Protein chains: 2
Amino acid sequence: MRAVDVLTLPGRAVRVGLAVDVAAFAIGSGRLKILLVRRGVAPHFDAWALPGGFVRAEETLEQAALRELRSETAMDLGSSHLEQLRAFDDPGRDPRGRVISVAHLAVLAGGLPAVHGGDAVTQAIWHDAHALPPLAFDHLRIAEHALHRLRIRLEYAQLAFEFLPPSFTLPELQAVYEAVLNRPLDKRNFRKRLLGQSFLEPLAERRSGPGRPARLYRPAGQPPDL
Amino acid sequence: MRAVDVLTLPGRAVRVGLAVDVAAFAIGSGRLKILLVRRGVAPHFDAWALPGGFVRAEETLEQAALRELRSETAMDLGSSHLEQLRAFDDPGRDPRGRVISVAHLAVLAGGLPAVHGGDAVTQAIWHDAHALPPLAFDHLRIAEHALHRLRIRLEYAQLAFEFLPPSFTLPELQAVYEAVLNRPLDKRNFRKRLLGQSFLEPLAERRSGPGRPARLYRPAGQPPDL
DNA sequence: TCAAAAGTGTTAGCATTACACCCATGC
DNA sequence: GCATGGGTGTAATGCTAACACTTTTGA
């Protein structure tokens, strides 16, 4: 690949800091959680924030997002869903000067992965996504934008599956919808709607526990196994 | 405001070129048009492209988009709709090196404003948006993304009004929908749907021409005049 | 046999689609 | 009076929302 720092730009072209921030969601105890870090450096020392940081010259925005998640929270996104939201560019959003941040939405499968503080961060926690504390920079706006997009994707794409392991029961899927939308749904209507569109493929096995065992499903359109 | 080029970034932080590109749409002859420029400089000399260019240190993304539109096509967006789409960051999208472009969607009111070539551009034209020629960089992807967003906004927000002058007739509004969706709509169903949701406020006047004069409307929720 | 959770149908209201004729004006 | 485009209603269909009991298992 071409060297990047020799990029020749027109005279007045930008020397702007480019950052990424990530709103990472997961489900824990039936509630929607968002990943927050406590900043260990200025500016906004000790404030809660979304994980994120500056993009390096040789990486894509997505790679930067993955790297920051790993270094700040010790969490590996693996094959989880990651999508770009938009750039936030309010002048004054960063007291250090002109920094534009490209926000991302991540969705973690299968509960709350362990996280802990790392580079430039003293803590990393999963916080209730419907009751956010004050956040550094414009991260509250970013988090709200991310939640909004998440809800749209839930209805519109099949993003709910991304919160779950490869196979799951319908009550588990319904719990995801309820956690993200933050309201209860009718069981019969939910099943009718989800099974009606053929996004789901029933599996032979069932999941047992207390009560009647539930049928397992997986997202349709996958090869039987791999 | 703080000086920007003295921004101190962590050692390995980015020195990436930051650009904006604009997919600007308008309606002409009942068809959806998109604004294209013919490049007068390398790279992609002489190729068609979306208007755009590098962001300067002191401006926002939106200001950069407006400035590039003005300097490349001599078009002033005025109070027209402008919204950000997303950042495009494929490594290799620009042969000069690492350049990330934040794409924007613009909607022009009241037909096709005059445009002509300007800085670094030999021509500016309104081209049929449903039959795009090959475009420089990844601008075809950007244009398709913009068209997709435009269609979503049409149904979901009230973006159709942005193509029209402050007051307009229902047949004019329907023509906007038909141009953007690129298919005919039923007149009765269209009127029922639009008048049912109370987005429209009827005005006293009518617009005359050949045939029966049409009632004028304006978007609801505006003060009576200003 | 009891507790716990999974599973199952019907009805009413609402939105969407398809479809054809009369109305108001200018020339 | 005729050409031009604006304006109007109804019936069928599909989707959404509300609602309560039975089934299957483990303890």
Side-chain angles (χ1 to χ4, degrees), chain A residues 27 29-31 111 151-152 154-158 160-161 163-165 167-218 220, chain B residues 27 29-31 111 151-152 154-158 160-161 163-165 167-218 220:
Chain A
I27 309 276
S29 320
R31 305 273 303 165
R151 288 178 166 175
I152 290 172
L154 197 68
E155 313 273 347
Y156 227 52
Q158 286 82 55
F161 304 154
F163 282 101
L164 294 168
S167 68
F168 48 83
T169 68
L170 276 181
E172 284 164 357
L173 184 61
Q174 184 175 343
V176 170
Y177 274 76
E178 291 178 331
V180 173
L181 299 176
N182 203 25
R183 65 185 165 90
L185 298 176
D186 180 89
K187 191 166 39 157
R188 280 173 290 191
N189 293 337
F190 180 81
R191 298 173 82 87
K192 207 186 316 165
R193 190 155 62 87
L194 269 285
L195 295 175
Q197 309 153 298
S198 40
F199 298 151
L200 291 176
E201 201 172 319
L203 300 177
E205 314 99 83
R206 283 151 201 283
R207 166 158 310 162
S208 62
R212 176 173 173 175
R215 162 150 252 151
L216 284 168
Y217 294 84
R218 70 161 166 226
Chain B
I27 309 276
S29 319
R31 304 272 305 164
R151 287 177 167 174
I152 289 172
L154 198 67
E155 313 273 346
Y156 225 55
Q158 286 82 55
F161 304 154
F163 282 102
L164 294 169
S167 67
F168 48 83
T169 68
L170 276 182
E172 284 165 355
L173 184 61
Q174 184 175 344
V176 169
Y177 274 76
E178 290 178 332
V180 173
L181 299 177
N182 204 24
R183 65 185 165 92
L185 298 176
D186 181 88
K187 191 167 37 158
R188 279 174 290 192
N189 294 336
F190 180 81
R191 299 173 81 85
K192 207 187 315 167
R193 191 155 62 87
L194 269 284
L195 295 176
Q197 309 154 296
S198 38
F199 298 152
L200 291 176
E201 201 172 319
L203 301 177
E205 314 98 81
R206 283 149 200 284
R207 167 159 308 164
S208 63
R212 176 173 172 176
R215 162 150 253 150
L216 283 168
Y217 293 84
R218 70 161 168 227

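Just so it is clear, the values below take in all heavy atoms, side chains as well, and ignore hydrogens, waters and symmetry mates. Because the structure is a prediction, the values reported are computed rather than measured. Here is the naming used below: chain letters follow the sequence lines, and residue numbers restart at 1 for every chain.
- Here C/dT16 presents its P atom at 12 Å from OH of B/Tyr177, a figure rounded to the nearest Å.
- Regarding A/Lys187, its NZ atom lies at a distance of 14 Å from the P atom of D/dT23, rounded to whole Å.
- B/Arg215 comes within 4.0 angstrom of the backbone, heavy atoms only, and of no base.
- Between B/Pro213 and A/Pro213, the one whose closest nucleotide on DNA chain D sits nearer the 5' end is B/Pro213.
- Note: CG (B/Leu195) to P (C/dA15) measures 15 Å, nearest angstrom.
- The side chain of A/Asp186 has D/dC19 as its nearest neighbour among C/dC19, C/dT16, D/dC19.
- Between B/Arg191 and the phosphate of D/dG7, there is a side-chain N or O to OP1/OP2 separation shorter than 4.0 Å.
- Side-chain proximity of A/Pro210 to the nucleotides D/dG7, C/dG7, C/dA4 is greatest for C/dA4.
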Starting from the C-alpha separation in whole Å, work towards a yes-or-no answer on side-chain contact (heavy atoms from CB on, under 4.5 Å) for B/Thr169 and B/Gln174. CA-CA 9 Å; B/Thr169 68; B/Gln174 184 175 344; over 6 Å; no
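- When the C1' atom of C/dA6 is taken as reference, atom CZ of A/Phe190 falls 14 Å away, rounded to whole Å.
- Contact of B/Lys192 with C/dT17 (side chain to base): a donor-acceptor pair of N or O atoms is detected under 3.5 Å.
- Going from atom CG of B/Leu194 over to atom CZ of B/Phe199 covers 8.5 Å, rounded to the nearest 0.5 Å.
- Heavy atoms only, all atoms of each residue included: B/Arg215 and B/Pro202 are closest at NE-CB, 3.9 Å.
- Across the protein-nucleic acid pair, A/Arg206 atom CZ and D/dT25 atom C1' stand 11 Å apart, rounded to whole Å.
- Heavy-atom nearest nucleotides on DNA chain D were determined for B/Gly211 and for A/Arg188, and the one closer to the 5' end corresponds to B/Gly211.
- The CZ atom of A/Phe163 sits 11.0 Å away from atom OH of A/Tyr177, with the distance rounded to the nearest 0.5 Å.
- The CG-P distance, from B/Leu216 to D/dG6, rounds to 12 Å in whole Å.
- Rounded to whole Å, atom P of C/dA6 lies 9 Å from atom CD of A/Glu172.
- Looking at which nucleotide of DNA chain C each of A/Asn189 and A/Arg212 is closest to, the 5′-most match is held by A/Arg212.
- Put simply, CD on A/Glu155 is 12 Å from C1' on D/dT16, counting in whole angstrom units.
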So B/Arg151 and B/Glu155, side-chain contact (heavy atoms from CB on, under 4.5 Å) or not? Walk me through it. CA-CA 7 Å; B/Arg151 287 177 167 174; B/Glu155 313 273 346; 6.0 Å; no
